[in-house]
There are 2 protein chains.
Amino acid sequence: MKKHIHYECSQGCPVEAALEVIGGKWKGVTLFHLMQGTKRFNELQREIGSVTQRMLTKQLRELEESGIVNRKIYAVVPPKVEYSLTEKGRTLEPILLALRAWGDEHVLAPSPTDKVDNIGVV
Amino acid sequence: MKKHIHYECSQGCPVEAALEVIGGKWKGVTLFHLMQGTKRFNELQREIGSVTQRMLTKQLRELEESGIVNRKIYAVVPPKVEYSLTEKGRTLEPILLALRAWGDEHVLAPSPTDKVDNIGVV
DNA sequence: CGGTATCCGCGCCGATACTG
DNA sequence: CAGTATCGGCGCGGATACCG
C-alpha cells in the first residue's frame, strides 16, 4: 500500500496544525486579551465573562504547553499568577488581529455585500 | 454609538465569532483546498484524506450556511456536486494563508527560536 | 456519486465542592 | 486567589448500512 496521494492533511496540514493551537473553545479570546499585556487569572476570567474556571485553566495549560503562553507564579499569599504571551505567542498577533477584523466585518456586522452571491442548481 | 467593549466576550467577541466559522474540525483544511478552485465532493474527500463522508458533508453544510461556501448541484447521472468559495469566503484567503505560514513555521517545523523563553517562578 | 440514517462510545464542558 | 476533584449530560464524530 503506497501513499501516492497528497500528504495526509490530518497529520501534516499546516492550516490544521495552526487551528489546533488557537482553535480551542476559549483560546482565541484568551489570546486576544493577552495581546493587551500580562494578565492575572481572575482578570482574564472577568474579561472573558462566560468561561468557567475549569475551562480557562485547561485552555491556559494547553496554550502553555504549545509554547504560546507564559505562566508566572508568585510565591505570595494570597496566590498570584500572571499570564503573558511568549515570543512565539506574539507571532500570532497579526493573525488574531486579522480574525478580529474579519469577525467584525463579516459576522458581527454583516454587510449587504455579504449576501449569498448565488445558489446554483443546473 | 461608540463600542465600549470589555464586557461579555462570549456573545460579541469578533475573534471568537471568526473562529466559530473556520474553527470546525475539518473546516480549515476544507477551505484551504477550496482556495485552489472549485472541487467536487470526492475530490475534496480524497485530498483531505482522513475525513469521513459524514463529517465532510456536515462541515460543508455549515460552511454553506455561513455563506462561505457555494454548493452547485448538477442534475446529471451520476450526480455531480461542485463546491467553491463565495465572495465572502474569498475574504478569508489572507487569513488561511497566514495560518498556513504560521503552522508551517511554528508547528510543523519547530525552530530553535521557538524554544520556551523562560518559565518564571518568583 | 454524493449523500442520509442509525447506532454508540468517548471526551468536552458545565456545575459543584473542596484546598493551599 | 488560583486552582484541583469529581460527577454527569450530551454532542462530536467514527463505523456501518442504505438510497436516489
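What you see is a predicted model; the values in this text were computed from it and never measured. When reading the values below, keep in mind they use all heavy atoms of this one structure, side chains included, and skip hydrogens, waters and symmetry mates. Order of the sequence lines sets the chain letters (A, B, ...), proteins ahead of strands, with each chain counted from 1.
- For B/Gln45, the side chain to side chain donor-acceptor pair (under 3.5 Å) criterion is met by no residue, not counting sequence neighbours.
- B/Lys80 places no side-chain N or O within 3.5 Å of a backbone atom of B/Lys72 that could act as its donor or acceptor partner.
- Rounded to whole Å, atom P of C/dC1 lies 17 Å from atom CG of B/Leu60.
- A distance of 7.0 Å separates CD in A/Glu64 from OH in A/Tyr83, rounded to the nearest 0.5 Å.
- At C/dG2, one or more side-chain N or O atoms of B/Arg40 fall inside 4.0 Å of OP1 or OP2 (strictly under the cut-off).
- Nearest-nucleotide mapping onto DNA chain C: of B/Val81 and A/Gln59, the residue sitting toward the 5' end is B/Val81.
- Note on B/Tyr83: a side-chain N or O is less than 4.0 Å away from OP1 or OP2 of C/dG3.
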Identify all pairs in which a protein N or O lies below 3.5 Å from an N or O of nucleotides 18-20 of chain C, and state each distance.
none

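- Listed by first and then second residue, the salt bridge (Lys or Arg N to Asp or Glu O under 4.0 Å) pairs involving residues 35-44 of chain B are B/Lys39-B/Glu47 (not counting sequence neighbours).
- Protein atom CE of A/Met55 is 8 Å distant from nucleotide atom P of C/dC12, rounded to whole Å.
- Using five terminal pairs a side, the axes of the helix from C/dC1-D/dG20 to C/dG20-D/dC1 at its two ends make an angle of 50°, given in steps of 10 degrees.
- An OP1 or OP2 oxygen of C/dG14 is reached within less than 4.0 angstrom by a side-chain nitrogen or oxygen of A/Thr52.
- Taking atom CH2 of A/Trp26 as the reference point, atom P of C/dC13 lies 9 Å away to the nearest angstrom.
- Distance B/Lys58 NZ to C/dA5 P: 14 Å, rounded to the nearest Å.
- Between the side chain of A/Arg54 and the base of C/dT16, no donor-acceptor pair of N or O atoms lies under 3.5 Å.
- With hydrogens and angles disregarded, no donor-acceptor distance shorter than 3.5 Å links the side chain of A/Thr38 to the backbone of A/Ser84.
- Dashed line: the shortest gap from a side-chain N or O of B/Arg61 to OP1 or OP2 of C/dG3 is under 4.0 Å.
- Between B/Arg71 and C/dG3, a side-chain N or O to OP1/OP2 separation shorter than 4.0 Å is present.
- In this structure the side chain of A/Trp26 never reaches within 4.5 angstrom of the side chain of A/Leu56, judged on heavy atoms.
- Side-chain atoms of B/Val29 and B/Val51, non-hydrogen and from C-beta on, never get closer than 4.5 Å to each other.
- Along DNA chain D, read 5' to 3', the first and last nucleotides having any atom under 4.0 Å from a heavy atom of chain B are D/dG13 to D/dG20.
- Between B/Arg90 and B/Glu93 there is no salt bridge, since no side-chain N of the basic residue sits under 4.0 Å from a carboxylate O of the acidic one.
- Side-chain atoms of B/Thr86 come within 3.5 Å of backbone N or O of B/Gly67 as a donor-acceptor pair.
- Qualifying side chain to side chain donor-acceptor pair (under 3.5 Å) partners for A/Gln53, counting only residues two or more places apart in sequence or in other chains: none.
- Applying the 4.0 Å criterion to OP1 and OP2 of C/dG14, one finds that A/Lys25 has a side-chain N or O inside that range.
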Start with the C-alpha distance between A/Glu65 and A/Arg61, add both sets of side-chain angles, then the distance that settles salt bridge (Lys or Arg N to Asp or Glu O under 4.0 Å), and finish with yes or no.
CA-CA 6 Å; A/Glu65 203 161 340; A/Arg61 289 291 184 283; over 6 Å; no
